[in-house]
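What follows is one structure encoded as structure tokens, with my remarks underneath.
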Amino acid sequence: MTAAGFDGVERRGLMFVLSSPSGAGKTTLSRLLIERMPGLKMSVSATTRAMRPGEVDGRDYFFVDKPKFEAMVAQGELLEWATVFDNRYGTPRAPVEAALSAGQDVLFDIDWQGTQQLREKARADVVSVFILPPSAADLEKRLHTRAQDSDEVIRGRMSRATHELSHWAEYDYIVVNHNVDDAFAEVQSILKAERLKRERRTGLTEFVRKLQRQLEK
Ligand SMILES: Nc1ncnc2c1ncn2[C@@H]1O[C@H](COP(=O)(O)OP(=O)(O)OP(=O)(O)O)[C@@H](O)[C@H]1O
Ligand SMILES: Nc1nc2c(ncn2[C@@H]2O[C@H](COP(=O)(O)O)[C@@H](O)[C@H]2O)c(=O)[nH]1
């Protein structure tokens, strides 16, 4: 689970988690992170929810039916899973383990239940960020502007937002998504700083020893 960092110091890969009430901007920020941060791989979840217009199976989600999802759970194929808005969502284990072993960081767009499960499994390697919308009105507007869910689905997501919000204090960082550029810059800074944390830079001792040997010459 180690990778050469950009500066040549080996480090452990990390699991970078974004959570928020539906519509606050996780998907938007995740896409930007994947585009602009080398060494970061998106975890593609499995879900039983219906595909939205424009979504692609295997890119946005693995769309599966309930029996298939239950089989994945039974066979231990999911690192975490939860029921959200009456649908099941879960993180396939194998791609995450493969990415971490290959020295990549992994990005998760999952809810608070999944985040709790990841934390229980790998506390030291999970960095979690909760995204807040600037206001309830903005949140509702964003869900409508996205234009991918029915009014009934949007009402359901808005009524669940309070419960989602109640988990904000479990997260390492809180970002208010007023505008995408600023929120992206903040999330990017968090990832950059976490990549530099001493505890996960397993190659530091060796790196510093080498420096000392050079200095002693
Ligand atoms: N800062 C922002 N200002 C205005 N609109 C935004 C902002 N961030 C995201 N949006 C828009 O809000 C909508 C919802 O964003 P997005 O799909 O990223 O939310 P999400 O948190 O991933 O939602 P879900 O949990 O339902 O998947 C999208 O149409 C997106 O373009
Ligand atoms: N615990 C998990 N939650 C997940 C996963 N994949 C997505 N999600 C969360 O579900 C809701 C709804 O997503 P949507 O795409 O239907 O709008 C959102 O909060 C996601 O973060 C997962 O694998 N595990």
Side-chain angles (χ1 to χ4, degrees), residues 15-35 42-64 69 72-73 77-96 106-121 126 128-150 152-168 170-171 174-187:
M15 298 191 239
F16 197 59
V17 177
L18 302 184
S19 298
S20 78
S22 177
K26 298 177 297 293
T27 308
T28 307
L29 295 169
S30 296
R31 286 191 182 140
L32 289 171
L33 280 168
I34 293 297
E35 267 171 43
M42 188 78 211
S43 166
V44 179
S45 298
T47 183
T48 60
R49 93 150 152 70
M51 204 187 286
R52 290 182 183 135
E55 284 185 326
V56 176
D57 188 28
R59 184 193 67 184
D60 299 292
Y61 280 105
F62 294 106
F63 293 93
V64 298
F69 193 96
M72 291 171 91
V73 173
E77 291 175 20
L78 300 179
L79 198 51
E80 62 74 34
W81 68 274
T83 302
V84 190
F85 309 127
D86 301 329
N87 292 304
R88 306 268 163 84
Y89 295 82
T91 300
R93 178 191 300 276
V96 173
V106 183
L107 175 61
F108 299 80
D109 169 342
I110 60 175
D111 82 331
W112 62 271
Q113 303 172 85
T115 310
Q116 284 186 352
Q117 293 170 51
L118 287 190
R119 251 189 239 116
E120 278 160 21
K121 289 186 173 134
V126 175
S128 59
V129 184
F130 200 85
I131 312 292
L132 293 173
S135 69
D138 280 303
L139 185 65
E140 189 162 10
K141 193 165 145 208
R142 285 178 194 179
L143 285 171
H144 282 289
T145 310
R146 186 167 67 185
Q148 285 188 324
D149 296 304
S150 66
E152 190 193 341
V153 167
I154 290 177
R155 271 196 300 279
R157 287 178 179 236
M158 283 303 290
S159 67
R160 195 168 149 120
T162 314
H163 182 60
E164 296 285 336
L165 268 181
S166 70
H167 290 276
W168 68 271
E170 295 163 21
Y171 285 72
I174 310 296
V175 167
V176 183
N177 181 12
H178 286 283
N179 75 73
V180 174
D181 288 346
D182 290 346
F184 171 70
E186 288 174 6
V187 170

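As the structure lists them, so they are numbered: ligands from 1, and atoms in each ligand from 1.
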side-chain hydrogen bond (donor to acceptor under 3.5 Å, both in side chains) evaluation trace for Thr115 with Ser19: CA-CA 8 Å; Thr115 310; Ser19 298; 3.2 Å; yes
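Nearest to atom 23 (O) of ligand 1 among the protein's heavy atoms is Gly23 N, 2.9 Å. The shortest contact between atom 26 (O) of ligand 1 and any protein heavy atom is with Ser22 OG, 2.5 Å. Closest protein heavy atom to atom 25 (O) of ligand 1: Lys26 NZ, 2.6 Å. Protein heavy atom in closest approach to atom 22 (O) of ligand 1: Thr27 OG1, 2.4 Å. Protein heavy atom nearest atom 1 (N) of ligand 1, with residue, atom name and distance: Asn177 OD1, 2.8 Å. Protein heavy atom in closest approach to atom 24 (P) of ligand 1: Arg146 NH1, 3.4 Å. Looking only at heavy atoms of the protein, atom 15 (O) of ligand 1 is closest to Thr28 OG1, 3.7 Å. The protein heavy atom nearest to atom 19 (O) of ligand 1 is Gly25 N, 3.2 Å.
In this structure, Tyr61 and Asp57 approach most closely via the heavy-atom pair O-OD1, 3.2 Å.
Residue Asn179 approaches ligand 1 through these ligand atoms, each under 4.0 Å from one of its heavy atoms: 1 (N). Near Val180, meaning under 4.0 Å from any of its heavy atoms, are these atoms of ligand 1: 1 (N), 2 (C), 7 (C), 8 (N). Which parts of ligand 1 touch Ser20 is read off a 4.0 Å heavy-atom cut-off, strictly below it: atoms 21 (O).
Only one option out of Val84, Asp111, Thr27, Leu143 pairs with Ser22 in a side chain to side chain contact (heavy atoms under 4.5 Å, CB included); it is Leu143.
The closest approach between any non-hydrogen atom of His178 and ligand 1 is below 4.0 Å. The closest approach between any non-hydrogen atom of Ala183 and ligand 1 is not below 4.0 Å.
Using a 4.0 Å heavy-atom criterion, the residues that approach ligand 2 are Lys26, Ser45, Arg49, Arg52, Tyr61, Glu80, Ala82, Val84, Phe85, Tyr89, Gly90, Thr91, Asp109, Ile110, Asp111, Gly114, Arg157.
Between Trp112 and His163, the ring-plane angle classifies as perpendicular under the 30° and 60° cut-offs.
Among Arg52, Arg157, Arg142, His144, the residue whose heavy atom lies nearest to atom 4 (C) of ligand 1 is Arg142.
Within the 4.0 Å heavy-atom criterion, the part of Ala24 lying near ligand 1 is the backbone and not the side chain.
Of the N or O atoms in Thr145, none lie within a sub-3.5 Å distance of an N or O in ligand 1.
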